[in-house]
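Below: one structure, written as structure tokens.
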Amino acid sequence: MSTTPATPQTGTDLVKRGMAEQLKGGVIMDVVNAEQAKIAEDAGAVAVMALERVPADIRKDGGVARMSDPDMIDGIIGAVSIPVMAKARIGHFAEAQVLQSLGVDYIDESEVLTPADESNHINKWRFTTPFVCGATNLGEALRRITEGAAMIRSKGEAGTGNVVEATRHMRTILKDIKALSVLDEDELFVAAKNLQAPYALVKEVAEAGKLPVVLFTAGGIATPADASMMMQLGAEGVFVGSGIFKSGDPAKRAKAIVDATLHFDDPDVIAKVSRGLGEAMVGINIDTLPAEQRYAGRGW
Amino acid sequence: MSTTPIIGVLALQGDVREHAIALAELDAIARPVRKVEEFADLDALVIPGGESTTMSKLAVSFGLFPTLRARVAEGMPVYGSCAGMIMLADKILDGREDQETVGGIDMIVRRNAFGRQNDSFEADVPFAGLEGDDPIHGVFIRAPWVESVGAEVEVLARLSAEPYADRIVAVRQGNLLATSFHPELTPDRRVHAYFVDMVRATL
């Protein structure tokens, strides 16, 4: 060939969103050290999420929750061969820059950490590393995608072991998408206004009947049946936070949730893998959580 | 008149849906398969992209390897992209120590060879045997490359762009086809068409 081939392009939409496509049908597990990361990988996790404390401990200990120690993230990256994600505070672009420099595979701009900016989320287009963000409804999901998120997860209510908020958010996002798909073109302008999201993106979702990025569930998944329910509702994969390492037998529960996510529509498999798991995390009733301790309201 | 091939997509984990859409566009019946009994009437199989360690573990857990290996030995056409390429390799480097593969292609594949996600990239790849002379636009995500191949293996594509010039990224051995990249993520259907033609030739 006479022309020099173009140099490979990194950090494109396609490689960011495509990375999340590869995680579908899988379970991403919160881990706080290399040992937990290995347990997660052994159990068949598709990725691990490195954080300083699991959400249940952030709730218990209080204080400001931040990005993890780089040494801890390096330790996890060195310990496993599956992708490693890590959390940055909402709006804290400098934490995200550090995570990118450490070579994490995905950044979670997460409401579980204490927000660093009460007006602006991170401009995620500026990064090579892709981002996942939480959402409670379609408008919020589309605002995050507008800012460059390449993957969306329900917020749920992390660290509670209570799936009710994840259910609410999954149902809301998917119901909002269904509602768009029956509108005619003339009605999409107002729909965009009501969703507080860009018209072009609203139109794209209305036509495709799905988000332009992968949608996982997160926030309160603690059992194989929880994972099965979320997948049946339409999640494309599952994040499990405190649910695994706050339970009696983490290795066994981790594998059970992986198996349940695969065979989510087969109750015989869910029943089989739900046996003898030991104690689940205790859990918190959302009604008893004061408003200021609810993470789902962080971000907008 | 040829019959419509039934092509399974191994649905343990990964971008199953995208492969199924590509195959359906080429007038094949695409069927996600997860259980041993679902393989019986398949004419061919696609192993999608995904996390190869997870796929391998789930295939062990649910007892799929004997069936997969038997079907490959019988000559059933199989196409693997990315993690699927790893699954079709006789030998892998940088995998987990306990990572099993289906095997069938006499090659050594290096997992995550191009690096981590920040090194994931798009590049045009000249690809032998596709319709037309245009290169295929390859999407490489934490992708493997083929370190070396045996005498029976036909190399279909090598990267031409630096810093990866000459790296082998697509191969065929008999009825087995593998690519490092993800043609299921782009609208160009020529790689899937190549595979569906391979399948039709066996019917």
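This one's a predicted model, so the numbers in the text were calculated from it and none came from an experiment. Within every chain, numbering begins at 1; the chains are lettered A, B, ... in the order of the sequence lines, protein sequences first and strands thereafter.
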Check: Quick one: of A:Gln100, A:Glu41, A:Lys255, who has the most non-hydrogen atom pairs under 4.5 Å with chain B?
Finding: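 It is A:Glu41.
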Notebook entry, point to check: In Å and rounded to the nearest 0.5 Å, what is the CG to CG distance from B:Leu58 to A:Asp259?
Noted result: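 CG of A:Asp259 is found 6.0 Å from CG of B:Leu58.
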Is [X] atom [atom1] crowded by more than 12 heavy atoms from other residues, nucleotides or ligands, each under 6.0 Å away?
X	atom1	result
B:Glu25	CD	yes
A:Lys210	NZ	yes
B:Glu152	CD	no
B:Phe127	CZ	yes
B:Asp98	CG	yes
B:Glu131	CD	no

Considering only heavy atoms, which portion of [X] lies under 4.5 Å from any heavy atom of chain B: side chain, backbone, both, or neither?
X	result
A:Ala45	backbone
A:Glu236	neither
A:Val104	backbone
A:Asp266	side chain

Check each atom of [X] against the heavy atoms of chain A and say whether the ones under 4.5 Å are side chain, backbone, both or neither.
X	value
B:Phe140	backbone
B:Ala165	neither
B:Asp119	backbone

With the side chain counted from C-beta on, respond yes when [X] and [Y] share a heavy-atom pair under 4.5 Å apart, and no when they do not.
X	Y	value
A:Thr261	B:Gln13	no
B:Gln117	A:Pro130	yes
B:Phe121	A:Thr7	no

Margin query: Just so I understand: if I count every heavy-atom pair under 4.5 Å between each of B:Val16, B:Asn118, B:Thr54 and chain A, which residue has the most?
Written below: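 Max contact count across the listed options: B:Asn118.
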Next item on the list: Count the heavy-atom pairs under 4.5 Å between each of B:Ser120, B:Gly95, B:Ser52 and chain A, then report the option with the highest count.
Entry: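 Answer, by heavy-atom pair count under 4.5 Å with chain A: B:Ser120.
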Give a yes or no answer on whether the side chain of [X] reaches the backbone of [Y] with a donor-acceptor pair at less than 3.5 Å.
X	Y	answer
B:Glu122	A:Thr10	no
B:Lys57	A:Ala43	no
A:Glu21	B:Gly50	no

Next item on the list: Looking only at non-hydrogen atoms, find the nearest pair between A:Leu14 and B:Leu185 and report the distance.
Entry: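 Nearest heavy atoms, A:Leu14 then B:Leu185: CD1-O, 3.8 Å.
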Margin query: Show the nearest heavy-atom pair for residues A:Gln22 and B:Gly49, with the distance to one decimal.
Written below: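 Taking A:Gln22 first and B:Gly49 second, the nearest heavy atoms are OE1-C, 2.9 Å.
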Next item on the list: Using side-chain hydrogen bond (donor to acceptor under 3.5 Å, both in side chains) as the criterion, point out the one residue from B:Arg142, B:Arg111, B:Arg96, B:Gln99 that pairs with A:Ser81.
Entry: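 The option that passes is B:Arg111.
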Next item on the list: Could you please spell out the steps behind the side chain to side chain contact (heavy atoms under 4.5 Å, CB included) verdict for A:Val84 and B:Arg116?
Entry: CA-CA 9 Å; A:Val84 176; B:Arg116 304 189 67 83; 3.8 Å; yes
Check: What's the verdict on side chain to side chain contact (heavy atoms under 4.5 Å, CB included) for A:Asp265 and B:Arg34, showing C-alpha distance, side-chain angles and the deciding distance?
Finding: CA-CA 12 Å; A:Asp265 54 357; B:Arg34 291 179 288 176; 3.0 Å; yes
